[in-house]
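To start, the structure under review is shown below, and the notes come after it.
Both counts, for ligands and for their atoms, begin at 1 and track the order of listing. Sequence positions, counted from 1, serve as the residue numbers for this chain.
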Amino acid sequence: MHVLHVVGARPNFMKAAPVLRELARRGLRQTLVHTGQHYDAGMSDVFFQQLGIPAPDVNLEVGSASHAQQTAQIISRFEPVLMEHKPDLVLVYGDVNSTVAGALVSSKLGVKVGHVEAGLRSRDRSMPEEINRLLTDQIADLLFTPSADAGENLCQEGIAPERIHFVGNVMIDTLVRLLPMATQSANGSSGGKYVLVTLHRPSNVDDLPWLRQMFRALYELSSEVAVVFPVHPRTRQRLSSLDLDDSSNGRLRLLAPQPYLEFLALQRGAAVVVTDSGGIQEETTFLGVPCLTVRENTERPVTVTLGTNLLVGRDINRMRAELRCILDGRAKKGSAVPLWDGRAAERIAEAIMK
Ligand code: UD1
């Protein structure tokens, strides 16, 4: 059997790594296609190195563009690659533009598609990722879900239950394997209590008055507790347009995007994480670190019902109040999520072999 994997953006890499390893262990032929959606060394190459992912067989080098342009470029450049390699199965990951583009090309050419991290729903169609999730799941043949709610969502949308495989969370496979190797970032916490921040969603960083308001709140917070903020390229551009990208000082540290191991160490050591990322809601839940999510909704509800995650929405006073609560030692306690155990890739491999 020949499996072709499509990856493109940072959060794909942690999800594909354990599946690539597990299928290699079972001796399957594999091809890795990188769409080039993320191309900076710090957003891509360093993850390949740290996660031990083999160099891509093909790089479509699409780079940044509008959604339509980027998705269209992936579609037109991936089609001949797929026709040349003729795999038996294409695996796509998560919810980025590379995911939906890879799935669409494959299904039109009659190649079976597996979606890893299927069934997650925020029910917010203004999020580009929600559209990618809905469309990918409709055309995928094998749907690998990370949590029970995801399977329920798919059944409600009319997906046949025999296509759905509840396998657990592959991102946690990577975390479990690499946590012992996580190093303390030199320019990160350097000891002491700190709040870790990441923000990159258009709903937060493309709304400049709101971004300025959040930034002011973080700046104020830093007089009390250190704030460590690795800045996504999109966010860096927006902060620069507000003349805020140079505001780093001893207490508020704006860093470059961090490599996987360094960021994992930062999460593990944080007093609380403030984020709008999907993956970080899951990782903090697994690590038992309090997480405040700056969104009105989440496609990962188990992180709220079982885990350490709290949605604070776009309400600066709510964010301040919840930060106060956690820093005073009154954080919500989480519990373990079923099948987030480091063995999701094994279950995916078993389902594929069947
Ligand atoms: C994408 C995903 C999002 C995911 C995020 C993780 C979609 C629709 N969104 O958003 O779900 O959470 O990745 O990072 O697929 N840029 C660089 N260097 C890079 C990549 C991007 O400078 O290597 C800049 C470009 O100016 C680009 C901007 O960042 O315009 C945004 O990149 P893009 O790939 O469009 O989406 P993300 O915001 O990263």
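Close contacts of ligand 1 with E129, meaning ligand atoms under 4.0 Å from a residue heavy atom, involve 2 (C), 3 (C), 9 (N), 11 (O). Under a 4.0 Å criterion applied to the non-hydrogen atoms of Q237, ligand 1 contributes the atoms 24 (C), 25 (C), 26 (O). Interface atoms of ligand 1 facing Q70, defined by a heavy-atom separation under 4.0 Å, are 34 (O). Numbered from 1 in the order shown, with element, the atoms of ligand 1 that lie under 4.0 Å from a heavy atom of P233 read 16 (N), 17 (C), 18 (N), 22 (O), 24 (C), 29 (O). Under a 4.0 Å criterion applied to the non-hydrogen atoms of H200, ligand 1 contributes the atoms 4 (C), 5 (C), 6 (C), 12 (O).
Relative orientation of the F47 and F13 rings is tilted, given thresholds of 30° and 60° on the angle between their planes. A perpendicular orientation is assigned to the rings of H38 and H232, their planes being inclined by more than 60° (bins at 30° and 60°).
Scanning the protein for heavy atoms near atom 25 (C) of ligand 1, the closest one is S64 OG, 3.1 Å. Annotation: atom 29 (O) of ligand 1 to nearest protein heavy atom, R234 N, 3.7 Å. At the shortest separation from atom 18 (N) of ligand 1 among protein heavy atoms lies D40 OD2, 3.0 Å. H38 NE2, 4.3 Å is the protein heavy atom nearest to atom 32 (O) of ligand 1. The nearest protein atom to atom 17 (C) of ligand 1, hydrogens excluded, is given as Y39 OH, 3.2 Å; this is a heavy-atom distance.
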Checking Q70 against S64 for the side-chain hydrogen bond (donor to acceptor under 3.5 Å, both in side chains) test, could you report, in this order, the C-alpha distance in whole Å, the side-chain angles of both residues, the deciding distance, and whether it holds? CA-CA 7 Å; Q70 188 178 61; S64 301; 5.2 Å; no
Between R268 and E283, is a salt bridge (charged side-chain N to carboxylate O under 4.0 Å, His left out) present by the stated rule, with each step listed? CA-CA 9 Å; R268 182 173 54 184; E283 290 169 344; over 6 Å; no
Could you walk me through whether R320 and E220 pass the salt bridge (charged side-chain N to carboxylate O under 4.0 Å, His left out) test, one step at a time? CA-CA 10 Å; R320 284 204 182 93; E220 282 164 23; 3.3 Å; yes
Starting from the C-alpha separation in whole Å, work towards a yes-or-no answer on salt bridge (charged side-chain N to carboxylate O under 4.0 Å, His left out) for D328 and R330. CA-CA 6 Å; D328 287 349; R330 288 175 286 126; 3.7 Å; yes
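Sorted by first and then second residue, the pairs that involve residues 82-106 and meet salt bridge (charged side-chain N to carboxylate O under 4.0 Å, His left out), not counting sequence neighbours, are D95-R133.
No more than 12 heavy atoms of other residues, nucleotides or ligands sit less than 6.0 Å from atom CZ of R21.
Under the 4.0 angstrom criterion for non-hydrogen atoms, R236 is not in contact with ligand 1.
The proximity of M43 to ligand 1, defined as any non-hydrogen pair under 4.0 Å, is limited to the side chain. At a heavy-atom distance under 4.0 Å, only side-chain atoms of P11, from C-beta outward, approach ligand 1.
T198 and T275 form a side-chain donor-acceptor contact under 3.5 Å, judged by distance and modelled atom types alone.
Aromatic ring centroids of Y39 and H34 lie 6.0 Å or more apart.
The shortest N or O to N or O distance between Q37 and ligand 1 is below 3.5 Å. The shortest N/O to N/O separation between H67 and ligand 1 does not fall below 3.5 Å.
Summarising the contacts of atom 2 (C) of ligand 1 with V96, N12, D276, the nearest heavy atom is found in V96. With distances taken over non-hydrogen atoms, the option nearest atom 14 (O) of ligand 1 out of R133, R238, H232 is H232.
Remark: R212 pairs with no residue by the salt bridge (charged side-chain N to carboxylate O under 4.0 Å, His left out) rule, at least two apart or across chains.
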